> 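The following block contains the structure, expressed as structure tokens.
Because the structure is predicted, anything quoted here is derived from the model rather than measured. Atoms considered below: every heavy atom in the structure, side chains included; atoms not considered: hydrogens, waters and symmetry mates.
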Amino acid sequence: MNQPQPALALTASPAPPRDRETQRLLDLWVQLTYRTASAAAHHSPDEASLRDLQLQVEDALSDRLDDPYPVLDELWGWEAALLHTAETPPEDCLICRKARLGLPADLPLPAGLGGAR
């Protein structure tokens, strides 16, 4: 399933990735981050394994980039915006729904997409 990329993840690097593999790793990191944040917020047993995969992708990105810290700092800042707690199931959680749509957490959703009516 192809999800829209968050604006911050698309602009995390001041220069575009040099190759397809780096872009693939960035896309994978974003997808894993969505899933990890949702798993953490909703007490999913998958949280630890998703976080391990996310860290493996970060390591691979670090190895591919000449100076990974500016990119990783931007990604970690974006990741922090997804952190939340919720007592509702992830499919009903507004923050998780926005993450699946690739929208910023502070953007109000139109009613047709599950926002306030």
Side-chain angles (χ1 to χ4, degrees):
M1 182 160 95
N2 230 351
Q3 297 179 354
Q5 298 294 315
L8 185 57
L10 289 175
T11 61
S13 175
R18 295 183 193 159
D19 57 58
R20 285 186 159 163
E21 181 61 16
T22 302
Q23 184 61 52
R24 187 189 71 78
L25 288 169
L26 284 168
D27 293 345
L28 181 57
W29 186 90
V30 168
Q31 291 172 9
L32 287 168
T33 301
Y34 285 149
R35 294 177 59 200
T36 302
S38 180
H42 300 283
H43 314 292
S44 169
D46 297 332
E47 178 186 358
S49 61
L50 288 168
R51 181 69 179 148
D52 287 343
L53 289 171
Q54 183 186 17
L55 292 173
Q56 289 175 20
V57 172
E58 282 180 19
D59 288 342
L61 277 169
S62 292
D63 291 344
R64 294 193 70 79
L65 299 171
D66 294 333
D67 184 12
Y69 295 106
V71 174
L72 292 176
D73 286 346
E74 288 287 328
L75 293 175
W76 294 330
W78 174 77
E79 177 184 22
L82 292 179
L83 299 179
H84 66 286
T85 56
E87 297 304 319
T88 60
E91 57 273 3
D92 296 333
C93 175
L94 189 58
I95 294 172
C96 292
R97 184 172 293 188
K98 287 178 184 180
R100 285 192 303 274
L101 293 171
L103 301 173
D106 60 352
L107 178 72
L109 274 180
L113 293 176
R117 298 181 201 277

> Find out if a path of hydrophobic residues (ILVMFWY) with successive side-chain heavy-atom gaps under 4.5 Å connects L50 to W76.
yes

> E21: which residues meet the salt bridge (charged side-chain N to carboxylate O under 4.0 Å, His left out) condition with it, sequence neighbours left out?
R24

> Flag the pair L26 / L75 as yes when at least one side-chain heavy-atom distance between them is below 4.5 Å, and no otherwise.
yes

> Kindly write out the residues that satisfy salt bridge (charged side-chain N to carboxylate O under 4.0 Å, His left out) with R51, not counting sequence neighbours, or none if the list is empty.
E79

> Would you check if the side chain of H42 reaches a backbone N or O of A40 as a donor-acceptor pair within less than 3.5 Å?
no

> How many angstroms lie between atom CD of Q56 and atom CG of D59, to the nearest 0.5 angstrom?
7.5 Å

> Please round to the nearest 0.5 Å and tell me the distance separating atom OG of S38 and atom NE2 of H84.
6.0 Å

> Would a distance-only check, ignoring hydrogens and angles, find a side-chain to backbone donor-acceptor pair under 3.5 Å from S62 to E58?
yes

> Where do T22 and L61 come nearest, in terms of heavy atoms and distance?
O-CD2, 4.0 Å

> How about D19 and Q23: does a side-chain donor come under 3.5 Å of a side-chain acceptor?
no

> Return the CD to SG distance between E91 and C96, rounded to the nearest 0.5 Å.
9.5 Å

> For D46, is there an ion pair with R35 - N to carboxylate O distance below 4.0 angstrom?
no

> When rounded to the nearest 0.5 angstrom, what is the spacing between CH2 in W29 and CG in L72?
8.0 Å

> Taking atom types as modelled and ignoring hydrogens, do the side chains of T36 and E47 form a donor-acceptor contact shorter than 3.5 angstrom?
no

